[in-house]
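The figures that follow rest on heavy atoms only: side chains count, while hydrogens, waters and symmetry mates do not. In this text the structure is predicted, and so the values were computed from the model without any measurement. Numbers restart at 1 for each chain; the letters A, B, ... are given by sequence-line order, proteins then strands.
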Amino acid sequence: MAEFTGWLLDIYEDAADGLALWALADDGRRLRLRRTFAVRFYAAGPDGELRRLWQYLRAQPIPVRLSRTERQDLFHPGLLPVLAVEVPHAPDQPRLFQSLQDEFPRLNFYDADLNIWLRFAAETGAFPLARCRFDCGAGGRLLALEVLDSPWDLDPAPAPLRTLTLAPDCDPTHAEPRFLEAAVGGCRYRLAFEPLRPLLVNLSALIQRHDPDILLTSFGDTWLLPRLLEASSACGVALPLNREFGRGTAHRKARSYFSYGQVVYRGPQVLLFGRWHIDRRNAMLWDDYDLEGVLEAARVTAQPVQAAARTSPGSGISSMQMLTALRGGVLVPWHKQEAERPKSALDLLRYDQGGLVYQPITGLHSNVGEVDFISMYPSIMVHANISPETTRSEGEPSTDQPPGLIPRTLEPLLNKRIALKQRLAEMAADDPLRPLYQVRASAHKWLLVTCFGYLGYKNARFGRIESHEAVTNGGREALLAAKEAAERQGFEVLHLYVDGMWLKREGTTRVSDYTPLLEEISRRTGLPIALDGIFRWVAFLPSRVNEAVPVPNRYFGVFQDGSIKTRGIEARRRDSPPFIAEAQMELLTILARGKDAAAARALIPEALTALRRRIRQLREGRAPLEKLLVGQKLSRELEKYRSPSPAAQAAAQLQAAGKRAEPGQRLYFVYLRGGGVHAWDLPTRPDPRGVDSARYIELLLRAAETVLCPFGISAEAVRGVEPGRLFPLPSRRGLSGGDAAAAGRRRIRAFSGEVSDVMM
DNA sequence: TACAGTCGGGG
DNA sequence: GTGTACGACTGTA
């Protein structure tokens with residue numbers, strides 16, 4: 001084997017050698033390598049306890065090397081005396097550490113619960129899909145490894161990965177699939193599920209013949225792979241899902257957890273060794289980023305590919321922070337130990353603010369420029385050097401100190417994202433590489449967004465609330481500085497929202513007219529800023545509950561290039577039935593042809609005609625059922641519901657049919673006459689005649705009002721589009737009261753709490 | 001009127 | 001394997 005170059009695909013613990021590695025050589029061979037690998041972790045605490053730990057470790061059977069040394073804990077000044085524990089055989093470490101947790105509750109452990117990829121990446125500079133030079137001895141023993149590229153390269157040499165796609169011919173939650181559709185090496189196969197034995201034999205032959213690097217499945221985690229594995233053991237036909245011979249697959253249980261204010265359901269997982277299983281239906285945020293987004297995330301976070309495909313970007317950024325710490329000799333706490341410092345009421349008042357939000361001037365405006373800070377919060381963290389160890393307790397950042405852990409982690413990511421966006425801006429619209437760069441930029445965006453949230457999360461390993469607050473302070477200051485600059489240059493500020501502002505100035509209609517403003521803002525704040533575009537027209541909407549109150553994030557408009565931007569309206573809400581969302585977009589597309597507000601107004605009759613057609617479609621039952629599906633997330637266990645919300649009703653129906661619906665799962669259903677629903681994932685289809693078309697018409701009319709009323713069309717006029725038929729107008733609520741007058745005035749207020757992911 | 005339940009974000 | 005905000009809105013009692 002000697003020396004060769006190629007890509008590093010996979011790493012995992014190996015009972016015999018310590019570490020198994022898979023390489024894809026330039027000549028196309030897939031090679032299994034092995035080497036020993038020692039891991040180190042640390043303990044700190046009272047001297048007596050450390051001595052006791054020393055004796056305990058000496059007495060137990062797992063070989064270890066012990067030494068006393070000093071290391072840096074990010075949350076404590078100076079160096080911390082620690083006991084270093086080196087475990088020469090990596091697979092021993094988790095078991096050993098497990099036993100220490102109960103035995104030594106008073107000690108603080110560091111670097112104790114890191115996955116093997118992270119340790120390997122810290123030690124060697126490698127990362128998933130890194131280009132490497134491998135030097136091998138007999139039997140695949142890895143003697144030396146040289147990493148040839150970096151995760152920050154914009155154009156990494158693409159690894160010629162082989163993918164086997166597997167998908168049942170229908171959604172197994174609905175019906176029993178009859179065929180397994182497979183695609184590999186440019187060929188498609190259709191394998192019958194019954195009888196099982198030939199299926200297994202054929203599939204096994206496909207895998208052996210093509211030896212894919214990736215098993216890209218639909219429902220592989222939740223249904224297909226468990227089913228195949230079960231069949232394999234029942235029939236006694238070996239199925240080489242793993243590339244690693246003789247090793248079983250790894251399984252993770254399904255779970256629901258709370259994140260970003262809502263429950264998330266994560267399905268069960270089936271993980272492979274030596275090749276990757278990615279279930280595109282169980283991939284989290286990377287879902288629509290496709291495989292490239294997953295690979296990009298794995299490269300920059302040094303998370304295993306199969307994990308990167310399934311975890312949130314939160315664990316990705318956490319992984320990057322840990323890597324920065326390991327490489328810089330900073331201890332990675334096992335559990336974050338530091339509680340928040342006590343704060344006075346005044347501090348709380350000062351701190352507990354999020355992004356700056358203005359009340360927009362409601363109504364229709366022409367020639368409005370939208371100017372946004374680019375990745376505002378991450379830019380502030382890097383620019384102002386905000387990190388747990390550099391932030392003073394007053395919440396003031398310190399730029400006179402060396403760059404902190406968080407800025408060091410973020411800076412390359414931020415630079416790469418900006419470079420990718422630059423590359424995109426220079427690319428032709430039809431460049432075949434465009435989607436690739438988009439997907440990569442997108443993956444980076446999520447990592448950046450999450451990093452800010454993590455600063456404020458009390459259980460994050462490197463979080464600290466004061467740093468979090470220093471960031472939001474910086475954001476508010478920057479936005480105010482931007483507003484002042486705009487006003488000084490004669491712009492009217494129509495709206496401010498956390499990291500963006502909407503501006504108008506008589507005679508200012510060209511992109512270049514904004515250049516002096518952008519330059520001034522960038523100079524004053526030190527943060528990157530860009531013109532998102534100039535709206536031909538944009539409408540900021542009032543509250544539906546109280547017409548006098550503007551709401552900060554409900555608007556729609558059309559840029560000069562004809563593209564439509566919407567926020568908060570029906571078309572963007574995930575619980576809107578597709579029919580309603582599409583109808584609203586249809587109306588907007590018609591209005592978007594208007595070059596200014598007046599021209600758009602002239603297109604209203606055409607929009608009303610389209611609306612009339614849509615209403616008729618609903619009334620005559622011609623809208624396809626799938627377009628009427630409402631999707632809502634189950635927010636809790638079925639038993640915990642106190643009133644039968646539509647999602648709870650759907651869950652009850654599923655349960656009655658023997659299918660358990662977990663919190664965090666999105667359930668789809670149609671509204672039925674009489675107030676009920678019919679869950680979509682039932683074996684029976686709803687009777688189209690039972691569909692509550694009146695309710696859908698009401699939803700449609702509301703969506704139409706949202707986009708038409710700003711043009712001066714009354715709600716009554718929208719509802720009267722059908723000759724001889726006026727749909728009743730639901731009464732507006734709470735119009736009375738002193739609130740309205742107060743709300744009519746424009747005032748600046750701050751969001752309290754999280755606005756983390758609004759910002760980028 | 002009060003309360004319970006759901007959504008939001010980007011590209 | 002990571003986050004339990006908060007305001008807008010809707011439906012129902």
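Within the structure, every side-chain polar atom (N or O) of A:Arg417 is placed at least 4.0 Å from both OP1 and OP2 of B:dG10. An OP1 or OP2 oxygen of C:dT2 is reached within less than 4.0 angstrom by no side-chain nitrogen or oxygen of A:Arg461. In terms of phosphate contacts, A:Asn553 brings a side-chain nitrogen or oxygen within less than 4.0 Å of OP1 or OP2 of B:dG9. Regarding contacts with the backbone of B:dG10, a side-chain N or O of A:Arg567 is found under 4.0 angstrom from either OP1 or OP2.
In this structure, of B:dG9, C:dT2, C:dG1, it is C:dT2 that holds the atom nearest to the side chain of A:Ser318. Looking at the side chain of A:Tyr641, the nearest of the listed nucleotides C:dC9, B:dT6, B:dG9 is B:dT6. For A:Ser643, taking side-chain heavy atoms from C-beta onward, the closest of the listed nucleotides C:dT2, B:dG5, B:dC7 is B:dG5. You'll find that the side chain of A:Ala647 is closest to B:dT6, out of C:dT2, B:dG11, B:dT6. The side chain of A:Ser635 lies closest to B:dT6 when the candidates are B:dG9, C:dC9, B:dT6. Of the candidates C:dA8, B:dG9, B:dG5, the closest approach to any side-chain atom of A:Ser543 belongs to C:dA8. In the set B:dG11, C:dT10, B:dG8, B:dG11 carries the atom at the smallest distance from any side-chain atom of A:Ser442. Between C:dG1, B:dC7, B:dG9, one nucleotide has an atom nearer to the side chain of A:Asp113 than all others, and that is C:dG1. Across C:dG1, B:dG8, C:dA8, the shortest atom-to-atom separation from the side chain of A:Arg252 is found for C:dG1. Of the candidate nucleotides B:dT6, B:dC7, B:dG9, B:dT6 has the atom lying nearest to any side-chain atom of A:Ser645.
Comparing C:dA8 with B:dG9, their C1' atoms sit 16 Å apart, to the nearest whole Å. Straight-line distance between the C1' atoms of C:dT4 and B:dG5: roughly 16 Å, to the nearest whole Å.
Counting to the nearest Å, the C1' atom of B:dT6 and the CZ atom of A:Arg666 are 10 Å from each other. Here the P atom of nucleotide C:dA5 and the NE2 atom of A:His468 are 13 Å apart, to the nearest Å. Atom CD of A:Gln632 and atom C1' of C:dT10 are 10 Å apart (whole Å). Distance A:Leu420 CG to B:dG11 P: 14 Å, rounded to the nearest Å. One interatomic measurement links the two molecules: CD of A:Glu639 to P of B:dG5, which rounds to 13 Å at whole-angstrom precision. Rounded to a whole Å, the CZ atom of A:Arg572 is 15 Å from the P atom of B:dC7. To the nearest angstrom, P of B:dT6 lies 11 Å from OH of A:Tyr671. B:dG11 atom P lies 5 Å from atom NZ of A:Lys421, rounded to whole Å.
Ring to ring, A:Phe97 and A:Phe109 are close: their centroids are under 6.0 angstrom apart.
Distance check, rounded to the nearest 0.5 Å: CZ of A:Phe127 to CG of A:Leu118 gives 14.5 Å. Atom NZ in A:Lys416 sits 6.5 Å away from atom CG in A:Leu154 (nearest 0.5 Å).
Every residue two or more places apart in sequence or in another chain was checked for a side-chain hydrogen bond (donor to acceptor under 3.5 Å, both in side chains) with A:Arg572, and none qualifies.
The nucleotide C:dT10 finds its pairing partner in B:dA4, both defining distances of the Watson-Crick or G-U wobble pair being shorter than 3.5 Å. Using N1 to N3 plus N6-O4 or O6-N4 for Watson-Crick, or N1-O2 and O6-N3 for G-U wobble, each under 3.5 Å, C:dT2 pairs with nothing.
Among the atoms of the strands shown, none is found under 4.0 Å from any heavy atom of A:Arg434. Heavy atoms of A:Arg440 sit nowhere under 4.0 angstrom from any nucleic acid atom.
Remark: A:Glu570 engages A:Arg544 in a salt bridge, criterion side-chain N to carboxylate O under 4.0 Å.
Under 3.5 Å, the side chain of A:Arg573 and the base of B:dG9 form no donor-acceptor pair of N or O atoms.
Considering only heavy atoms from C-beta on, A:Gln632 stays 4.5 Å or farther from A:Leu667 through its side chain.
Ring-plane geometry between A:His495 and A:Tyr497 is classed as tilted, the angle between the planes lying from 30 to 60 degrees on a 0 to 90 degree scale.
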